[in-house]
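Following: one structure in structure tokens, then a few remarks.
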Amino acid sequence: MVEHQKERLEQSGSKPELTVIVVSYNTRDLTLKALETLFATTREATFNTIVYDNASQDGSAEAVAARFPDVTLIAAKENIGFARANNEAAKFADTEWLLLLNPDTECHKGAVDNLLAFGKAKPEAGIYGGRTVFPDGSLNIASCWNKITPWSLFCSAFGLSALFPKNALFNPEAFGGWKRDSVRKVDIVVGCFLLIRRSLWEELDGFNTRYFMYGEEADLCLRARALGYHPMITPDAQIMHLIGAASAKRTDKVVLVAKAKATLINDHWPMYQQPVGRMLLLLWAFNRYSASRVLGFVKRHVSAGGSAARSDHWKAIWESRAEWMSGY
């Protein structure tokens with residue numbers, strides 16, 4: 001633990017109020033940087049830190065142990081996925097609050113302090129998130145989302161979300177042109193930077209471990225909403241998030257996201273809407289595969305490599321539809 005954290009705990013004479021959980025998988029250097037910035041930028045909140053390493057092969061666990069000996073390190077022998085790893089780590093927490101923090105993040109000044117203060121001031125929200133940016137400081141919209149609906153899937157399947165990314169009507173899951181620069185209720189706070197009271201986490205029984213990777217935070221937030229909470233975002237808590245550092249292949253990631261969406265439809269949509277949702281997911285994959293083939297045909301004499309790669313990407317997703325349509 002960094003010295004100023006020790007000093008604050010000694011001065012307060014009480015146990016920490018927050019446990020920060022970081023689940024790592026082959027992200028050694030990124031994880032070290034995430035921990036470094038977490039300690040350097042958090043000055044008000046007192047916290048413990050747990051790193052759950054999902055059987056990394058790059059020396060992540062050893063590096064964390066050497067650089068941060070006061071961090072609780074759990075070195076798993078197998079990769080049990082993001083959801084289950086967070087659940088296992090949370091069992092070691094005895095603080096009032098939990099903060100889930102991705103290893104491919106860097107906390108900006110006051111991010112954790114401000115998010116915790118926001119959580120204390122807004123008990124009705126239950127789950128809280130902040131604003132994420134890319135390394136160059138530009139907005140990374142993936143700190144929060146609206147839930148998937150028949151309309152949002154229709155817009156995605158027929159390219160309306162891509163054609164009108166800043167239009168809230170045609171890009172509803174991403175809130176259209178909202179820059180995440182105001183306090184706002186959202187359906188889903190992304191698990192890269194997610195604050196929750198431990199009592200609510202335990203009431204929800206943590207993440208649903210059927211979601212191996214992606215979709216678990218959406219399920220958690222939707223279950224919290226069913227209890228009467230409404231997650232919120234504050235722009236005063238800002239971090240850098242790279243996105244997908246633990247996902248080596250873009251195609252594999254898209255397949256997992258599609259599988260998560262199919263599962264969310266099964267878990268949270270009314271029975272009569274579920275066939276529509278599955279049909280729209282199929283149309284989304286088919287339309288993109290078809291468009292990539294047409295684009296490749298038209299442009300192959302100019303940029304054959306890139307067009308072929310896009311076509312192969314969507315072909316693989318389309319051909320694996322039986323896998324992801326069944327969900328987790």
Side-chain angles (χ1 to χ4, degrees), residues 21 23-26 52-55 76-91 100 102-104 127 142 144-150 152-153 156-157 173 187-192 194 196 201-227 231 243-286 288-289 313-314 316-328:
I21 297 174
V23 174
S24 63
Y25 178 64
N26 290 333
Y52 191 104
D53 185 70
N54 254 331
K77 295 182 179 180
E78 61 177 330
N79 183 355
I80 62 174
F82 181 78
R84 185 178 166 194
N86 275 289
N87 287 0
E88 291 298 316
K91 293 176 182 178
L100 311 186
N102 269 23
D104 56 349
I127 298 176
C144 58
W145 302 100
N146 267 329
K147 63 184 179 182
I148 56 173
T149 65
S152 73
L153 281 184
S156 178
E173 288 181 36
D187 289 333
I188 298 160
V189 171
V190 173
C192 68
L194 183 153
I196 184 173
W201 175 269
E202 292 175 349
E203 184 177 0
L204 295 168
D205 199 25
F207 284 138
N208 183 337
T209 55
R210 286 170 53 233
Y211 295 83
F212 182 81
M213 191 171 184
Y214 304 116
E216 62 285 311
E217 68 268 83
D219 172 77
L220 182 82
C221 290
L222 292 174
R223 287 188 286 121
R225 290 201 60 184
L227 295 177
I243 297 184
S247 300
K249 296 181 179 179
R250 177 170 172 253
T251 299
D252 292 343
K253 177 181 177 179
V254 174
V255 167
L256 287 172
V257 170
K259 182 176 286 192
K261 287 191 174 185
T263 309
L264 288 168
I265 289 170
N266 294 336
D267 287 351
H268 295 282
W269 283 27
M271 189 76 70
Y272 72 91
Q273 287 186 353
Q274 292 176 19
V276 175
R278 287 188 283 268
M279 179 190 69
L280 288 169
L281 275 180
L282 281 174
L283 282 171
W284 159 79
F286 177 76
R288 275 160 178 70
Y289 174 43
H313 167 73
W314 286 107
I317 293 167
W318 174 247
E319 290 183 345
S320 64
R321 61 191 180 278
E323 173 192 349
W324 50 260
M325 279 295 293
S326 62
Y328 283 115

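This one's a predicted model, so the numbers in the text were calculated from it and none came from an experiment.
Taken to the nearest 0.5 Å, the CD atom of Gln273 stands 8.5 Å off from the OG1 atom of Thr149. With rounding to the nearest 0.5 Å, the separation of CG in Asp252 from CD1 in Ile317 is 9.5 Å. Distance check, rounded to the nearest 0.5 Å: CE of Met279 to CE of Met325 gives 10.0 Å. Atoms CH2 and CG, from Trp269 and Leu153 in turn, are 4.5 Å apart once rounded to the nearest 0.5 Å.
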Go through the steps to decide whether Leu282 and Trp318 satisfy the test side chain to side chain contact (heavy atoms under 4.5 Å, CB included), and finish with yes or no. CA-CA 8 Å; Leu282 281 174; Trp318 174 247; 4.0 Å; yes
Show your working on side chain to side chain contact (heavy atoms under 4.5 Å, CB included) between Phe207 and Glu217 and close with a plain yes or no. CA-CA 7 Å; Phe207 284 138; Glu217 68 268 83; 4.3 Å; yes
Taking it one step at a time, do Val189 and Ile196 satisfy side chain to side chain contact (heavy atoms under 4.5 Å, CB included)? CA-CA 10 Å; Val189 171; Ile196 184 173; over 6 Å; no
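The side chain to side chain donor-acceptor pair (under 3.5 Å) test applied to Lys261 returns no partner, not counting sequence neighbours. Trp314 is linked by a ring-ring contact (aromatic ring centres under 6.0 Å, His included) to Trp284, counting only residues two or more places apart in sequence or in another chain. Applying the side-chain contact (heavy atoms from CB on, under 4.5 Å) rule to Asp187 yields the partners Asn146, Lys147, Arg225, His230; only residues at least two apart in sequence or on another chain are considered. For Trp145, the ring-ring contact (aromatic ring centres under 6.0 Å, His included) criterion is met by no residue, not counting sequence neighbours. In this structure, Glu203 has no salt bridge (charged side-chain N to carboxylate O under 4.0 Å, His left out) partners at least two apart in sequence or on a different chain. Scanning for side-chain contact (heavy atoms from CB on, under 4.5 Å) contacts around Ala55 gives an empty result, with sequence neighbours left out. With sequence neighbours left out, Asp53 forms a side chain to side chain donor-acceptor pair (under 3.5 Å) with Ser24, Ser56. Remark: Arg223 pairs with Leu204, Asn208, Asp219, Leu220, His268 by the side-chain contact (heavy atoms from CB on, under 4.5 Å) rule, at least two apart or across chains. Listed by chain and number, the residues in a side-chain contact (heavy atoms from CB on, under 4.5 Å) with Ala218 are Ile188, Leu264 (sequence neighbours excluded). Residues passing the side chain to side chain donor-acceptor pair (under 3.5 Å) test with Thr251 are His313, sequence neighbours excluded. Legend: residues meeting side chain to side chain donor-acceptor pair (under 3.5 Å) with Gln274, ordered by chain and number and at least two apart, are absent.
Counting only distance, with no hydrogens or angles, the side chain of Glu216 and the backbone of Tyr214 share a donor-acceptor pair below 3.5 Å. When atom types are taken as modelled, the side chain of Thr263 and the backbone of Tyr328 share a donor-acceptor pair closer than 3.5 angstrom. Judged by distance alone, the side chain of Ser152 and the main-chain N or O of Ile148 form no donor-acceptor pair under 3.5 Å.
Between Pro275 and Tyr272 the shortest heavy-atom distance is CD-O, 3.7 Å. Listed here is the closest heavy atom pair of Tyr25 and Asn54: CD1-O, 3.1 Å. Between Val190 and Leu194 the shortest heavy-atom distance is O-CB, 3.7 Å. When every heavy atom of Cys192 is checked against every heavy atom of Ala142, the shortest pair comes out as SG-O, 4.4 Å. Residues Leu280 and Ala157 share a closest heavy-atom pair of O-CB, 3.7 Å. The heavy-atom pair separating Tyr211 from Ala260 by the smallest distance is CE2-O, 4.0 Å.
Each salt bridge (Lys or Arg N to Asp or Glu O under 4.0 Å) pair with one or both residues in residues 262-280, not counting sequence neighbours, appears once here: Arg210-Asp267.
Annotation: side chain of Trp324 is not in contact with side chain of Val254 (no heavy-atom distance under 4.5 Å). At least one side-chain heavy atom of Ser156 sits less than 4.5 Å from a side-chain heavy atom of Arg288.
Under a cut-off of 6.0 angstrom, the local environment of CZ in Phe286 is sparse, with at most 12 non-hydrogen atoms contributed by other residues, nucleotides or ligands.
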